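Contents: one structure, followed by commentary.
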Amino acid sequence: TPKEAVCQVFEKVNTGGVSLTVFELLTATFAADNYNLRDDWDNRHKRLKKLSVLGGVENTELLQAITLLATYARRQKAVAEGAKAEQAPGVSCKKKDVLALDLEAYQTWAEPATRGLERAAKFLYSLKLFAPRDLPYGSQLVPLAAILALLGDDADNDNAKGKIARWFWCGVFGELYGG
């Protein structure tokens, strides 16, 4: 049975009247592959909450960062195989994209995304942002984590730090992440 059908049945059978989160839907989907997403999240969350600025990070934000990385890799692969840039798959972390995440992609990108969030915390500390309430737009954390995960150690040079800081503050003052 396709994942989408399983999720749709799971949503319709939900008798509590509460909409299920993307995390709950993926937890049910991955359970079919004998993978406990909740346990994995709990372990990652313990790591992340040690960093004060990440104290408010939710499981859906980790899933979005993973999805950004996975869709970016899919796009890069398509371009490398000859697809034109305008025809290559897009990079996104919308609900439908997160729900399309398969277990292999999750397992491939979960650790890089977690490290990206840890790097994002250190970057935010350098900007004198120390607590979740200090973040002007918490939604910037997801793309910041993905960017830092992809750049790895290259994000530590002054040129990259300056460009990332400029992107961050342009997003804040331009209110690009307010919606």
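We count residues from 1, following the sequence as given. What you see is a predicted model, and the numbers here were worked out from it, not measured in a lab.
- Shown here for Leu101 and Leu26, the closest heavy-atom pair between the two residues is O-CD2, 3.9 Å.
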Take Asp102 and Asp33 through the test side-chain contact (heavy atoms from CB on, under 4.5 Å) and record every step on the way to the result.
CA-CA 10 Å; Asp102 62 20; Asp33 295 323; over 6 Å; no
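- The shortest non-hydrogen separation linking Ala113 to Ala145 is O-CB, 4.5 Å.
- Phe173 places none of its side-chain heavy atoms less than 4.5 Å from the side chain of Pro136.
- In the model, Thr114 has a side-chain atom that pairs as donor or acceptor with a side-chain atom of Arg44 under 3.5 Å.
- Residue Asn59 holds its CG atom at 7.5 Å from CG of Leu37, rounded to the nearest 0.5 Å.
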Using side-chain contact (heavy atoms from CB on, under 4.5 Å), reason through Glu118 and Leu51 one step at a time and then give a plain yes or no.
CA-CA 8 Å; Glu118 291 168 334; Leu51 301 162; 3.8 Å; yes
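- Not a single donor-acceptor pair under 3.5 Å links the side chain of Arg75 to the backbone N or O of Val91.
- A parallel orientation is assigned to the rings of Tyr125 and Phe130, their planes being inclined by less than 30° (bins at 30° and 60°).
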Before giving the answer on side-chain contact (heavy atoms from CB on, under 4.5 Å), spell out for Leu141 and Leu54 the whole-Å C-alpha distance, their side-chain angles and the decisive distance to 0.1 Å.
CA-CA 9 Å; Leu141 191 57; Leu54 300 180; 3.7 Å; yes
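- Of all the heavy atoms in Trp169 and Leu127, the pair that sits closest is NE1-CD2, 3.7 Å.
- Using a 4.0 Å cut-off between a side-chain N of Lys or Arg and a carboxylate O of Asp or Glu, Asp134 and Lys128 do not qualify as a salt bridge.
- Side chain of Asn157 to backbone of Asn159: a donor-acceptor contact under 3.5 angstrom is found.
- Residues Pro112 and Ala149 approach most closely at O-CB, 3.3 Å, considering heavy atoms.
- Residue Arg74 comes nearest to Gly90 through the heavy atom pair NH2-O, 3.3 Å, listed as atom of the first residue, atom of the second, then distance.
- Residues Asp40 and Tyr35 form a side-chain contact, since some pair of their non-hydrogen atoms from C-beta on lies under 4.5 Å apart.
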As a quick check of understanding, evaluate salt bridge (charged side-chain N to carboxylate O under 4.0 Å, His left out) for Arg115 and Glu111, giving each step before the final call.
CA-CA 6 Å; Arg115 284 193 312 268; Glu111 185 56 29; 3.6 Å; yes
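- Between the CG atom in Leu151 and the CD1 atom in Ile164 there is a gap of 5.0 Å [rounded to 0.5 Å].
- Within the 3.5 Å criterion, the main-chain N or O of Thr21 finds a donor-acceptor partner in the side chain of Glu24.
- No path of Ile, Leu, Val, Met, Phe, Trp and Tyr side chains, each step under 4.5 Å between heavy atoms, connects Leu150 with Val79, placing them in separate hydrophobic clusters.
- Under the 4.5 Å side-chain heavy-atom criterion for Ile, Leu, Val, Met, Phe, Trp and Tyr, Leu129 and Leu176 are members of the same hydrophobic cluster.
- Here the side chains of Lys94 and Val98 are not in contact, with every heavy-atom distance at 4.5 Å or above.
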In sequence, state the C-alpha distance, the side-chain angles, and the governing distance for Gln140 and Val172, and then conclude on side-chain contact (heavy atoms from CB on, under 4.5 Å).
CA-CA 9 Å; Gln140 272 186 294; Val172 169; 3.3 Å; yes
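- The minimum heavy-atom distance between Leu148 and Phe123, with the atom names listed, is CD1-CB, 4.2 Å.
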Compile the donor-acceptor pairs under 3.5 Å between side chains in residues 60-67 and protein atoms, sequence neighbours left out, one pair per line.
residue: Glu61; atom: OE1; partner: Glu58; partner atom: N; Å: 2.6
residue: Thr67; atom: OG1; partner: Leu63; partner atom: O; Å: 2.7

